[in-house]
Amino acid sequence: MLRAAAAASAIFPARFAAAPAVAAAAELRSPLLRVLGTLRGGRSSVLLGRRARFCSNSSDTEAAAAEAEAKAEDGTVAEGEADGKASSAIVPTNPQIEDCLSVVALPLPHRPLFPGFYMPIYVKDQKLLQALIENRKRSASYAGAFLVKDEEGTDPNIVTGSDSEKSIDDLKGEDLLKRLHEVGTLAQITSIQGDQVVLLGHRRLRITEMVEEDPLTVKVDHLKEKPYNKDDDVIKATSFEVISTLREVLRTSSLWKDHVQTYTQHIGDFNYPRLADFGAAISGANKLLCQEVLEELDVYKRLKLTLELVKKEMEISKLQQSIAKAIEEKISGDQRRYLLNEQLKAIKKELGLETDDKTALSAKFRERIESKKDKCPPHVLQVIEEELTKLQLLEASSSEFNVTRNYLDWLTVLPWGNYSDENFDVHHAQKILDEDHYGLSDVKERILEFIAVGKLRGTSQGKIICLSGPPGVGKTSIGRSIARALNRQFYRFSVGGLADVAEIKGHRRTYVGAMPGKMVQCLKSVGTANPLVLIDEIDKLGRGHSGDPASALLELLDPEQNVNFLDHYLDVPIDLSKVLFVCTANVIEMIPNPLLDRMEIIAIAGYITDEKMHIARDYLEKNTREACGIKPEQVEVTDAALLALIENYCREAGVRNLQKQIEKIYRKIALQLVRQGVSNEPDQEALSVTANEETSSGDVAAAKDEILKDSAMEDASVTNNIINRASEEANEVNLANEAVVHEVHTTEAPKTDSVSEDKDTDGAKEGAGDKAIEKVVVDSSNLGDFVGKPVFQAERIYEQTPVGVVMGLAWTAMGGSTLYIETTRVEEGEGKGALVLTGQLGDVMKESAQIAQTVGRAILLEKEPDNQFFANSKLHLHVPAGATPKDGPSAGCTMITSMLSLAMGNPVRKDLAMTGEVTLTGRILPIGGVKEKTIAARRSAIKTLIFPSANKRDFDELASNVKEGLEVHFVDTYSEIYDLAFQSDSGTETS
């Protein structure tokens, strides 16, 4: 579809040749052409081009002109057609076409074809294409071109895929006829190349009836325009407006101008109907609007419809021009701003008001280093001066300039010789450490020793300390407290999963995007040369293709080497001897030995129940209550509830899970209070918190001093109060519920009483409205309503251990647990001695079972020479909790005792638990996790423990409240265990 416009010679510049006299006479008879000639501004009004015309005349009033033109064109029709095909969509026409009363119907999917215009279409129906080829051979190369109707329910303005075209190609006969508009165009087939057919429109047609279905052939009537008065003022005015609008469009649209120069070469008699067709054909209007113009036979209405279309086209052209202008203004504005800025820089430079970039950078770097010259090492100053000189010689646009600028930026920003003033007050440090953490006496003692040495020397040296322990025991948070106690800057970075040496040692400056390592970034961030650096997760270092980061840390964490730590990016030695390194790890066995050798290990075994109670009451509960916006008088969590929460939900060594459970409780309490209509205003809450802090500050300080003075006695008393009275509190829950009148449970409605009205008078004043604040009490009886069912059950399966069952002690990531060893006889017969192991045991534990069978056989032979149990019995040894993997050598003595109990038919003492590795000769070797195993035994109400003699020192270091009430035996050989395990109950009682 050709999309261009041509209205008149005044609008369209064209080269016209001299015309014959007949054509001149026709031009003089047309008032429209006289107007167009006037619009040319005085140029010749001869509008006839080369011997080319529009299609056949559409009115009887111009029959004479048509005959004259036909005579003038005799002998030149072929030439005109050739020119038209080669250069234009407007071509000469053949006047003898009135006999075409039956034509093949061609569907046009996109736009209608107007008389005098070319249109290429693709015919996919091979039968239809063959019919067109045969018609062209018979010199009857005419067809009817009809626009296809849109399907029902579709919007013609929405662009869709080719599905509609495929559906049109599938239609035949009557179905295709229903989808075609009745009015179309008689089209001449000018050329056929493959499946492409080029049509030339001649005159309007109307379908009357169908002649043949495949290909669709129809009878048609030739339509002519209704008679009109060429001198009618309204028609003249409308046509002039169309011409004027087309001229405006051509001024704004460069797209049309390119095509019009070709079209104007072939414009013939330009009357009113053809002007209307021309304007509609070259417009980009909707196909239905163009079809409406094609169907209109009234000349005035057709001109009016065309005027609407070209007006819309003009608005589109204006919009296009405004968009182009806006974009051009934006681009030109940016260019203008850039040029002005460059001119301004040049002017300021000439006047001395501003130096160039290199001079400004050099001045900035020199100003930075000026204040550090006295403390900065000489070799660093020398490198800085050399780089500054190099910077002045480089061009600002070179890549080396940016590398040197970044290098100088890092060199001058580091805190060379800048140390923060440390606080060597031991009492101040003790106070801060106790404020932030409960327990952790080993860590606190080591930090106080570090401070004491610094106070005596007058200066402090850096150290490398490694805190090892299970997750959640406070390894990371203690680092921040140590920095606060020492008045040092704090910097933390994690090396978990680190696989690139460049993260530690930095990149070479030759690489694009090179950066220094973490330590140089640390010094830049903190601004001092003696910070506290916390290296987290040092046991989880990775190893990739970029080297081994663990080996790179050897230089960083070696006190003898980090005095001259060399970063690959800076390439100058840095003194890190004043830095205090604190590393954290969960399992020190994962740390490479050379790196482990450079660190001072402080093991944090975890918190016992007593310590967890203190932490939950003094730290976790207080912080969680403030974070949830709940006042202390609105909620009470009893000691029995906290004890049950620790024992049944949070047995792990750390307190991270305990904090989550306490947060869960307080979130449910907050929801319950809000549902009751309680609203704590921020101002009132702030005032109440401030008042509480002021009134209780003295008591808190006194309590802390008292704890520091006699922590052991207080821990023992608290443990006894909690553990020994836990059952009494559970039994007295009902009495407590009756005493606490305003207790609110999740499954019960709130209760009120006159006593609580007096008690909560102040709360009612602060609450919303006249509603009193009702206290929520959480105890062991309703704890499950807040945190769900208990996670852990009682570890003690047997009250009286049967024959072949012995309780052992195991270390786990949760802190420690009791472990039963069960042995039974599967089969008995002479020479059938064998051992079957189950319970998901590791290789070490399987070897311990084999050793236990050998040692047990020797001891049984010594004690009962006639007993052939091991030789004639097939044994099955099982360790319960089969889904849990188990490994380790410490269950050796427990396995021997279990087998001997089954062999002799005697059960062991009911309150006995043991642990220890055994050798083939019966010697008991030391084990680990003494503290965790002791805590696990207390949790299971075990009173008698058996440990290797080598672990006596570890047991003596435990707190007195952990050891209290336990009967512990330390043994060297298994014979001692035999005497303790199989002695009579009367002997146990007297002992």
Side-chain angles (χ1 to χ4, degrees), residues 365-384 408-433 443-444 446-466 478-493 504-506 516-535 553 555-567 569-583 598-600:
F365 294 145
R366 292 186 184 279
E367 183 181 356
R368 277 187 190 175
I369 205 65
E370 190 66 31
S371 59
K372 308 173 187 177
K373 264 193 175 181
D374 298 336
K375 303 176 183 178
C376 189
H379 62 276
V380 177
L381 288 175
Q382 181 181 355
V383 172
I384 292 175
L408 281 170
D409 189 23
W410 280 101
L411 276 177
T412 55
V413 80
L414 291 182
W416 300 104
N418 183 22
Y419 301 101
S420 60
D421 296 331
E422 291 188 271
N423 188 348
F424 294 116
D425 189 350
V426 176
H427 301 289
H428 172 73
Q430 178 80 53
K431 180 181 178 182
I432 290 178
L433 294 175
V443 182
K444 295 178 181 177
R446 181 64 187 87
I447 297 306
L448 295 178
E449 293 171 1
F450 176 80
I451 295 174
V453 171
K455 185 175 181 61
L456 294 178
R457 289 189 55 186
T459 181
S460 63
Q461 292 294 322
K463 292 293 179 182
I464 296 94
I465 300 172
C466 180
I478 192 67
R480 195 179 301 274
S481 299
I482 295 172
R484 192 159 69 94
L486 295 174
N487 194 28
R488 288 194 179 203
Q489 295 295 323
F490 178 77
Y491 186 83
R492 171 193 171 274
F493 69 93
I504 306 297
K505 300 276 290 181
K518 284 291 185 182
M519 277 311 304
V520 177
Q521 297 178 33
C522 161
L523 296 178
K524 176 184 177 182
S525 176
V526 299
T528 59
N530 61 338
L532 186 146
V533 179
L534 180 71
I535 304 177
L553 285 174
E555 179 185 2
L556 180 65
L557 299 181
D558 191 342
E560 300 298 328
Q561 298 182 37
N562 61 15
V563 179
N564 296 312
F565 176 75
L566 190 65
D567 185 89
Y569 183 86
L570 294 184
D571 206 24
V572 292
I574 305 173
D575 185 8
L576 301 179
S577 61
K578 305 292 185 183
V579 178
L580 176 58
F581 292 96
V582 178
C583 307
R598 286 163 167 77
M599 298 185 291
E600 181 179 351

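For the numbers below, each heavy atom of this structure counts, side chains included, while hydrogens, waters and symmetry mates do not. No experiment lies behind these values; they were computed from the predicted model shown.
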> Just by distance, do the side chain of Asn530 and the backbone of Arg488 share a donor-acceptor pair under 3.5 Å?
no
> List the steps and the verdict of side-chain contact (heavy atoms from CB on, under 4.5 Å) for Leu553 and Leu556.
CA-CA 5 Å; Leu553 285 174; Leu556 180 65; 3.6 Å; yes
> Please identify each residue that fulfils side chain to side chain donor-acceptor pair (under 3.5 Å) with Ser577, with sequence neighbours left out.
Asp575
> Which atoms form the tightest heavy-atom contact between Leu523 and Ala529, and what is the distance?
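For Leu523 and Ala529, the tightest heavy-atom pair comes out as CD2-CA, 4.2 Å.
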> What's the spacing between Leu532 CG and Phe490 CZ if we round to 0.5 Å?
6.5 Å
> For residues 411-418, run the donor-acceptor check on the side chains, cut-off 3.5 Å, and write out each pair with its distance to 0.1 Å, sequence neighbours left out.
{"from": "Thr412", "atom 1": "OG1", "to": "Arg368", "atom 2": "NH1", "distance (Å)": "3.1"}
{"from": "Thr412", "atom 1": "OG1", "to": "Leu408", "atom 2": "O", "distance (Å)": "2.7"}
{"from": "Thr412", "atom 1": "OG1", "to": "Asp409", "atom 2": "O", "distance (Å)": "3.4"}
{"from": "Trp416", "atom 1": "NE1", "to": "Leu411", "atom 2": "O", "distance (Å)": "2.8"}
{"from": "Asn418", "atom 1": "ND2", "to": "Gly527", "atom 2": "O", "distance (Å)": "2.9"}

> Does the side chain of His428 come within less than 4.5 Å of Asn423's, by heavy atoms?
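Side chain of Asn423 against side chain of His428, heavy atoms only: contact under 4.5 Å found.
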> Nearest heavy-atom pair of Gln430 and Leu448: which atoms, and what distance?
OE1-CD1, 2.8 Å
> Please check if the side chain of Asn487 supplies one atom and the backbone of Asp421 the other of a donor-acceptor pair under 3.5 Å.
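Yes; at least one donor-acceptor contact below 3.5 Å.
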> Does the pair Ile465 and Ile482 meet the rule for a side-chain contact (heavy atoms from CB on, under 4.5 Å), with working shown?
CA-CA 12 Å; Ile465 300 172; Ile482 295 172; over 6 Å; no
> Take atom CZ in Arg492; do more than 12 heavy atoms of anything else shown fall under 6.0 Å from it?
yes
> If you compare all heavy atoms of Ile464 against all heavy atoms of Leu557, which two are closest, and at what distance to 0.1 Å?
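In terms of heavy atoms, the two residues are closest at CD1-O, 3.3 Å.
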> With distance as the sole test, does Glu555 use its side chain to make a donor-acceptor pair with the main-chain N or O of Leu566 at under 3.5 Å?
yes
> Measuring only between side-chain heavy atoms, which start at C-beta, is Val520 closer than 4.5 Å to Leu570?
yes
> Return the CG to NZ distance between Leu433 and Lys444, rounded to the nearest 0.5 Å.
6.5 Å
> Kindly write out the residues that satisfy salt bridge (charged side-chain N to carboxylate O under 4.0 Å, His left out) with Lys578, not counting sequence neighbours, or none if the list is empty.
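Once residues adjacent in sequence are excluded, Lys578 has no partner under the salt bridge (charged side-chain N to carboxylate O under 4.0 Å, His left out) criterion.
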> Please report the closest heavy-atom contact between Cys522 and Val533, naming both atoms and the distance.
SG-CG2, 3.8 Å
> Atom CD of Glu600 and atom CZ of Phe581: how far apart are they, to the nearest 0.5 Å?
15.0 Å
> Surrounding NE2 of His379 (heavy atoms of other residues, nucleotides or ligands, distance under 6.0 Å), is the total greater than 12?
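More than 12 heavy atoms, drawn from other residues, nucleotides or ligands, come within 6.0 Å of this atom.
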> At their closest point, which heavy atom of Thr528 faces which heavy atom of Gln489, and how far apart are they?
OG1-CG, 3.6 Å
> So, the side chain of Gln521 versus the backbone of Pro516: is there a donor-acceptor pair under 3.5 Å, distance only?
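The answer is yes, because a donor-acceptor pair under 3.5 Å joins these two groups.
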> Working to the nearest 0.5 Å, report the span between CD1 of Ile447 and CG of Leu486.
6.5 Å
> Using 0.5 Å steps for rounding, measure from the CD1 atom of Ile535 to the SG atom of Cys583.
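One finds 4.5 Å between CD1 of Ile535 and SG of Cys583.
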> Could you grab the distance from atom CD of Glu560 to atom CG of Asn564, nearest 0.5 Å is fine?
11.0 Å
> Minimum heavy-atom separation for Ile451 to Ala429, with atom names?
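Closest approach of Ile451 to Ala429, heavy atoms only: CD1-CB, 3.3 Å.
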> State whether the number of non-hydrogen atoms from other residues, nucleotides or ligands found under 6.0 Å of Lys463 atom NZ is greater than 12.
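Check fails, neighbour count at 12 or below.
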